[in-house]
Colleague: 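Quick one: this structure, given as structure tokens, is what I'll be asking you about.
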Amino acid sequence: MPMVVGRGRRWSDLIIWWVGVVLQLLFLLSNAQNLQGREGLSEDKIQADLPSAGVQLLEQDKQIVMCNGIVSITLTVPGGAVTNITYKDSGNLLETKDTKEYNRGLEGTSYKIIVQNENQTEISFTRTWKVGSSDAPLNVDKRFVMLRNSPGFYSYAVLERLKGWPAFNIEEGRIVFKLQENKFHYMAMSDDRQRFMPMPKDRLTGETLDYKEAVLLTNPTNPEFKGEVDDKYLYSCDNKDNQVHGWVSSDPPVGFWIITPSNEFRTGGPIKQDLTSHVGPYVLAMFISRHYAGDDIDLKFQTEEYWKKVFGPVFIYLNFDATAKSHPSVLWNDAKQRMQKEVASWPYRFPFSKDYVKSNQRGAVSGQLLVDDWFINKQPVPGASAFVGLAPLGVAGSWQLESKGYQFWTKTDQNGKFLIQDVIPGTYSLFAWIPGTLGDYKYAYDITISQGTVVEARNMIFKAPREGETLWEIGIPDRSAAEFFIPNPSPKFKIHKYRVEVEKFRQYGLWTRYEDLYPQEDLIFKVGISNYKKDWFFAHVTRKATNDEYVPTTWKILFDLKNINKGANYTLQLALASANRAELQVRFNDPKTLPHFTTGPIGKDNTLARHGIHGVYHFYSIGIAGSWLATGMNTIFLTQASSRGLFREVMYDYIRFEGPI
Ligand SMILES: *[C@@H]1O[C@H](CO)[C@@H](O)[C@H](O)[C@H]1NC(C)=O
Ligand SMILES: *[C@@H]1O[C@H](CO)[C@@H](O)[C@H](O)[C@H]1NC(C)=O
Ligand SMILES: *[C@@H]1O[C@H](CO)[C@@H](O)[C@H](O)[C@H]1NC(C)=O
């Protein structure tokens with residue numbers, strides 16, 4: 001069922017809308033024919049399955065049903081596509097109509113019941129690649145697990161490629177369910193981001209905006225949504241916050257949730273962002289994607305490369321509450337509690353695959369992170385609330401584009417101390433960054449984790465980037481542009497009123513507001529007078545010229561320097577929170593000269609179009625010869641020079657001008 005589409009050639013007969021190589025773990029009801037196999041299925045048998053009866057398995061010709069008296073799921077054999085998920089007597093919660101346009105990804109070619117007893121069922125659907133086959137060069141082992149008295153089921157997959165198999169890339173990997181569209185209308189992904197959603201047909205009657213995912217609702221089923229924009233990227237969030245999301249059905253009042261109890265198998269680290277749930281109603285477990293990162297994060301395999309990785313398990317959790325008819329968020333609150341329980345039981349004990357590493361086979365690392373920035377403190381001080389993580393070997397910051405291995409992250413306490421538990425044995429780099437401190441940290445030594453041991457990382461001192469004293473700074477070094485000016489959306493669009501107003505940057509079309517605010521002249525920031533919260537636009541965008549062409553924009557930072565030391569060097573510390581097909585050029589006091597510094601072409605994170613406030617982090621320490629500066633007023637010209645298109649941008653994280661060295 002993983003589905004792979006090649007660069008120019010496809011490895012399957014299934015088409016989806018991404019270009020490049022796509023791998024999907026896709027579970028969808030396909031069409032009514034798949035249900036025919038259930039004719040011999042005894043309804044009585046299922047009805048009789050009270051919780052105490054334990055887990056039952058009914059094998060038939062073309063399908064297999066797992067049930068535990070609470071939940072029942074039907075899988076095709078040997079493909080392993082899920083065709084029916086039922087909570088008690090809810091009826092099938094998966095969409096059954098018009099599913100031709102969807103596909104299930106590559107399916108298994110054989111299956112095996114790994115275990116079946118009153119307490120647990122686990123089924124494995126496999127597909128083995130044969131040399132010369134036109135399928136994706138991967139071995140697939142897709143698993144489904146049901147436990148006694150458990151209101152849901154687990155799914156995970158083991159993917160493997162052998163040395164010598166054809167080179168190929170994986171761009172995307174996920175599990176997706178399409179729920180009954182006439183039942184599931186309320187979506188929840190956080191305490192604040194939950195709402196009744198538009199219907200799929202509202203997208204068809206609406207007006208497509210700057211890209212096909214964004215649709216203006218002109219004639220929605222619920223007239224309250226008229227004027228809103230629907231776009232699946234409005235419901236993205238950071239991996240670290242993406243632990244539970246899903247939908248609530250109005251009748252019966254049943255919730256359908258995906259719980260992802262660990263980030264270890266996701267790509268790109270804790271602040272990589274991805275999709276959650278969106279109009280369809282779709283609910284996704286994203287494992288691999290380019291979203292907010294670009295194709296640099298694709299898994300690129302060379303012929304000689306061996307690779308194996310376990311994705312999941314994730315838990316498909318179902319719940320019910322009669323009061324959810326009028327208060328759907330009660331089911332969200334319950335799902336959140338269940339998520340905490342699942343997180344607490346990670347690593348799970350139940351998976352039977354030997355590739356899933358159990359808790360007692362794992363190891364740990366502990367340490368204390370100190371940060372050394374002489375301008376702020378004479379002595380190194382604890383790096384409090386820092387993100388610390390193990391990821392495959394690489395240079396500082398490489399974790400954000402890392403996709404093949406596992407990553408294990410935590411946050412330090414007030415003393416900079418941390419313990420990362422349940423790490424899969426292997427050799428890793430130890431990385432960190434501290435919100436409020438510029439730059440990326442990498443520990444000097446590789447960390448080898450082995451079963452049952454705790455490695456102590458000693459002498460973890462992050463020497464923060466610093467050349468001279470701070471003369472001025474703009475923003476907060478936290479890898480995000482959220483502190484800058486974020487405009488209201490164009491009055492053309494209606495803003496959905498969430499429970500509270502959250503994350504102002506998650507609105508369609510904010511990019512057009514730059515030209516409304518700066519119709520003639522580009523942004524000018526005067527150090528000491530301007531306020532970055534009001535006077536620094538959150539994204540450095542292009543400007544629309546005639547004929548659908550876009551032109552570069554140049555922002556100016558004006559600042560006063562007394563007693564310039566022409567013989568010394570100064571430093572501009574420049575951190576970007578996002579870059580999309582951009583080139584940022586920096587000039588000092590002469591807008592016409594060749595750039596004193598250029599980033600060169602950078603970034604494909606597409607953060608602006610996807611309503612994000614951070615994508616891939618870039619950091620530059622730019623040396624400035626004192627001779628480029630003047631006593632008195634100086635100007636730094638920042639030109640976003642790559643302008644062929646609408647969504648070419650950089651978002652600044654932080655800028656600091658440092659005094660003579
Ligand atoms: C789905 O499964 C449930 C429980 O096994 C069964 O009662 C129901 O008839 C099934 N629905 C369809 C459409 O097959
Ligand atoms: C199922 O779990 C119960 C309670 O832990 C245990 O007594 C029983 O032996 C288990 N059954 C099987 C088949 O493992
Ligand atoms: C300034 O930087 C240049 C180029 O890196 C270097 O050659 C020079 O020695 C530096 N001057 C001082 C005073 O540090």
Side-chain angles (χ1 to χ4, degrees), residues 27-77 81-99 113-122 144-153 177-183 249 252 254 256 316 318 320 345 349-350 352 466-469 563-573 588 596-597 620-629 658-661:
F27 306 83
L28 283 169
L29 180 71
S30 176
N31 54 47
Q33 276 104 59
N34 296 109
L35 301 174
Q36 285 171 358
R38 61 164 294 282
E39 269 165 12
L41 179 61
S42 154
E43 298 283 337
D44 297 340
K45 177 88 182 114
I46 290 178
Q47 296 309 323
D49 289 334
L50 300 171
S52 59
V55 187
Q56 304 266 320
L57 202 58
L58 296 132
E59 260 184 288
Q60 292 154 344
D61 218 13
K62 292 193 180 129
Q63 65 178 26
I64 192 160
V65 180
M66 302 162 89
C67 53
N68 61 9
I70 309 168
V71 169
S72 140
I73 83 164
T74 308
L75 297 143
T76 61
V77 289
V82 181
T83 56
N84 181 348
I85 300 176
T86 296
Y87 179 86
K88 294 193 177 153
D89 54 2
S90 69
N92 194 355
L93 300 173
L94 296 182
E95 187 55 88
T96 53
K97 70 172 173 68
D98 293 341
T99 45
I113 295 163
I114 304 289
V115 59
Q116 162 53 32
N117 64 47
E118 57 188 321
N119 297 329
Q120 173 167 1
T121 288
E122 177 158 349
F144 294 90
V145 178
M146 183 173 272
L147 303 180
R148 183 180 189 137
N149 290 342
S150 168
F153 65 92
F177 296 97
K178 184 168 199 271
L179 307 179
Q180 288 275 352
E181 108 180 29
N182 59 4
K183 289 190 196 297
S249 155
V254 168
F256 189 110
I316 313 309
L318 300 166
F320 170 90
S345 8
R349 289 158 188 258
F350 59 78
F352 265 81
R466 170 70 66 184
E467 300 296 334
E469 60 185 46
N563 309 321
I564 176 83
N565 181 346
K566 294 265 182 192
N569 289 332
Y570 293 69
T571 308
L572 189 71
Q573 308 283 19
F588 299 91
H596 290 103
F597 171 82
Y620 305 94
S621 200
I622 303 166
I624 308 167
S627 58
W628 302 344
L629 301 170
E658 294 178 354
I661 309 166

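Both counts, for ligands and for their atoms, begin at 1 and track the order of listing. The basis for the numbers below is simple: all heavy atoms, side chains too, and nothing from hydrogens, waters or symmetry mates.
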Colleague: Tell me if a side-chain donor or acceptor on R148 pairs with a main-chain N or O of S150 at a distance below 3.5 Å.
Modeller: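 Side chain of R148 to backbone of S150: no pair is present.
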Colleague: Give a yes or no on whether the backbone of G54 and the side-chain of E118 come within a donor-acceptor separation of less than 3.5 Å.
Modeller: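 Not confirmed, E118 side chain does not pair with G54 backbone.
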Colleague: Show your reasoning for whether side chain to side chain contact (heavy atoms under 4.5 Å, CB included) applies to L572 and F597.
Modeller: CA-CA 10 Å; L572 189 71; F597 171 82; over 6 Å; no
Colleague: Could you tell me, atom by atom, which parts of ligand 1 come under 4.0 Å of a heavy atom of N84?
Modeller: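 Those of ligand 1 that fall under 4.0 Å from N84 are 1 (C), 2 (O), 3 (C), 8 (C), 10 (C), 11 (N), 12 (C), 14 (O).
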Colleague: Under a 4.0 angstrom heavy-atom cut-off, which atoms of ligand 2 come close to N119?
Modeller: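 So the answer, numbered in order with elements, is 1 (C), 2 (O), 3 (C), 8 (C), 10 (C), 11 (N), 12 (C), 14 (O).
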Colleague: Between the side chains of Q573 and S621, is a donor N or O closer than 3.5 angstrom to an acceptor N or O?
Modeller: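 Per modelled atom types, Q573 and S621 side chains form a pair under 3.5 Å.
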Colleague: For ligand 3, list every N/O pair with the protein closer than 3.5 Å, one pair per line with the distance.
Modeller:
unit_1	atom_1	unit_2	atom_2	d
ligand 3	2 (O)	N569	OD1	3.4
ligand 3	2 (O)	N569	ND2	2.2
ligand 3	11 (N)	N569	ND2	2.9
ligand 3	14 (O)	N569	ND2	3.4

Colleague: Which heavy-atom pair separates L318 from F256 by the least distance, and what is that distance?
Modeller: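 Scanning both residues, the minimum pair turns out to be CD2-CD1, 3.4 Å.
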Colleague: What residues form a side chain to side chain donor-acceptor pair (under 3.5 Å) with T86, not counting sequence neighbours?
Modeller: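 Testing T86 for side chain to side chain donor-acceptor pair (under 3.5 Å), a comparison that skips the adjacent residues, returns N84.
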Colleague: State whether the shortest distance between N or O atoms of T74 and N or O atoms of ligand 1 falls below 3.5 angstrom.
Modeller: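 No, no N or O pair falls under 3.5 Å.
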Colleague: Does R148 reach ligand 2 with a nitrogen or oxygen that is under 3.5 Å from one of the ligand's nitrogen or oxygen atoms?
Modeller: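 For ligand 2, there is no N or O atom that lies under 3.5 Å from one belonging to R148.
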Colleague: Do the non-hydrogen side-chain atoms of V71 and I316 ever get within less than 4.5 Å of each other?
Modeller: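 In short, these two side chains do not touch, never coming nearer than 4.5 Å.
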Colleague: Are any of the side-chain heavy atoms of M66 and F153 separated by less than 4.5 Å?
Modeller: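 No, too far: nothing below the 4.5 Å cut-off.
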